[in-house]
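Structure first, commentary second.
These values consider heavy atoms only, across backbone and side chains, with no hydrogens, waters or symmetry-generated copies. Numbering starts at 1 and runs along the sequence shown. Predicted model, so just to flag it, every value in this text is computed and none were measured.
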Amino acid sequence: MEKLPKIGLPILIAVVALIVIIAKSAVTIDSGEAGVLFKTFGEGVVVDEPPLGEGFHIVAPWNKVYVYEVRRQEIFEKMKVLSSNGLDIQLDASIWYQPDQANLGKLHQEIGENYLNRIILPTMRSAARSVVGRYTPEQLYSSKRDAIQQEIFEETKKIVEDQFIVIDEILVRDVTLPPTIKDAIERKLKQEQESLEYEFRLVTADKEAQKQRIEAQGKADANRILSASLNDKILQDKGIEATLKLSESPNSKVIVIGSGDSGLPIILGNQ
C-alpha cells in the first residue's frame, strides 16, 4: 500500500475538520418551534432580532440555540383552595398557554425555559385561591362556575401579560366539595325546586279560578242586560218571526193564531 502524498494528509484533516464544524453549526428547527440564539462571544441572548424560524440554520459552532415550542399547549392542574367560609375545595382546571414568539429572546433571558413552573402555574394557583375565597360552597357547586372560571382567567392573564407569555384560556373542569357539604347542598336545591313547583301550581290554579270568575261574571252581565232589554212587545215580535219560519217548513203542523195566553200562535205538531 502506497503512502499518502504529503499534501493529502492536511487536506484530509481539513475536510474532517470542516465536516465537524458544519455538524456543530447546523441547527434544524422543527414545525411549531422557534430558536433563541445565544452568542458566546457577543452580547449573549439575541433579543433585538426575531427568533430562528422553522427549517435549517447555520450558526457559529461556539454559539448556542435554545429551542422553544411555540404552539398552544395545555397543562392540567389539581388545586386545594378554601371557600369564603374556610372549607376545603378541590379545583380541577387546565390552562392554554404559549410563549410570546415575538419576544422569545426576552423570555429566555429574563425567565428561562422553565417558565411554566416559574410563572404560569404559581400565578394560576394564586388567582384560583383569591377568586374561590370570595364564594360560598353552594355558589361554587351551582351557579357561579362560569364566573369563577372567567375571574381566574382575567387575574392570571393580568399578571403574566408583562412576562412575555400568552394565556389563551383557563377552564375549570371540576369543583369537588366535601361529601357532607355536597349532600346538604343537593338536598337544599331539591327542596327549593319542589317549593318553586308548588308555587307554580298555586299561581296556575289561582289564574284558572280568576278566569272562571271572569267568564261567569261576563255571562251573568250578558243575561242581565238581555233580561232588562226584553218586554212583551219584543217577545211577541220574536214569536211571530218564529211562527212565520215554522209555517214555511215542509213538516205537517197545525198553527192556531192568537190562541196562546200571550196572544202568540199555538203550534200543534203531528198527532
Side-chain angles (χ1 to χ4, degrees), residues 30-36 45 47 50-51 66-193 196:
D30 291 333
S31 60
E33 296 179 340
V36 175
V45 177
V47 296
Y66 296 88
V67 178
Y68 281 77
E69 183 171 356
V70 293
R71 297 188 187 99
R72 173 190 286 178
Q73 302 170 68
E74 182 177 21
I75 186 71
F76 292 87
E77 182 73 2
K78 290 182 178 291
M79 296 171 282
K80 291 288 187 180
V81 293
L82 297 178
S83 65
S84 61
N85 55 358
L87 289 175
D88 286 330
I89 309 294
Q90 179 172 300
L91 199 69
D92 294 354
S94 64
I95 184 169
W96 295 349
Y97 69 95
Q98 60 190 112
D100 181 3
Q101 187 170 350
N103 292 296
L104 201 58
K106 294 180 180 179
L107 174 66
H108 182 76
Q109 185 180 57
E110 298 184 18
I111 300 172
E113 297 172 285
N114 196 23
Y115 63 91
L116 172 63
N117 291 312
R118 288 182 176 179
I119 300 295
I120 295 178
L121 291 180
T123 301
M124 184 174 70
R125 292 169 189 150
S126 176
R129 285 193 295 269
S130 175
V131 171
V132 173
R134 304 170 193 160
Y135 294 94
T136 65
E138 185 174 349
Q139 291 172 321
L140 296 172
Y141 184 76
S142 56
S143 60
K144 295 296 183 179
R145 184 172 299 188
D146 289 342
I148 292 164
Q149 176 176 289
Q150 184 63 28
E151 289 180 29
I152 294 174
F153 168 69
E154 290 176 355
E155 291 200 14
T156 303
K157 184 177 180 180
K158 185 181 359 179
I159 294 173
V160 305
E161 63 184 359
D162 295 330
Q163 305 295 323
F164 318 113
I165 300 168
V166 178
I167 302 297
D168 294 322
E169 191 63 81
I170 290 180
L171 305 175
V172 174
R173 304 288 185 177
D174 191 28
V175 177
T176 305
L177 305 178
T180 54
I181 301 300
K182 180 181 177 182
D183 293 342
I185 291 174
E186 289 179 347
R187 286 195 301 269
K188 181 180 178 182
L189 292 176
K190 182 178 179 181
Q191 291 171 357
E192 290 177 351
Q193 183 63 32
L196 290 174

Non-hydrogen atoms of [X] and [Y] that approach each other most closely:
{"X": "Y115", "Y": "E69", "result": "OH-O, 4.3 Å"}
{"X": "T176", "Y": "D174", "result": "OG1-OD2, 3.3 Å"}
{"X": "I152", "Y": "A127", "result": "O-CB, 4.0 Å"}
{"X": "A34", "Y": "L104", "result": "CB-CD2, 3.7 Å"}
{"X": "P51", "Y": "Q101", "result": "CG-O, 3.4 Å"}
{"X": "D92", "Y": "Q90", "result": "OD1-NE2, 3.4 Å"}

Measuring from [X]:[atom1] to [Y]:[atom2], what's the distance to the nearest 0.5 Å?
{"X": "T156", "Y": "E169", "atom1": "OG1", "atom2": "CD", "value": "11.0 Å"}
{"X": "E151", "Y": "S130", "atom1": "CD", "atom2": "OG", "value": "8.5 Å"}
{"X": "R118", "Y": "E110", "atom1": "CZ", "atom2": "CD", "value": "12.0 Å"}
{"X": "K157", "Y": "I170", "atom1": "NZ", "atom2": "CD1", "value": "10.5 Å"}
{"X": "I148", "Y": "D146", "atom1": "CD1", "atom2": "CG", "value": "9.0 Å"}
{"X": "N103", "Y": "D162", "atom1": "CG", "atom2": "CG", "value": "11.0 Å"}

> Picking from D100, I165, V47, what satisfies side-chain contact (heavy atoms from CB on, under 4.5 Å) with L107?
Replying inline: I165

Any [X] side-chain heavy atom under 4.5 Å of [Y] side chain:
{"X": "Q73", "Y": "P99", "value": "yes"}
{"X": "L91", "Y": "V175", "value": "yes"}
{"X": "I95", "Y": "I167", "value": "yes"}
{"X": "M124", "Y": "Y97", "value": "no"}
{"X": "H108", "Y": "Y68", "value": "yes"}
{"X": "L82", "Y": "V132", "value": "no"}
{"X": "F76", "Y": "K78", "value": "no"}
{"X": "R71", "Y": "Q98", "value": "no"}

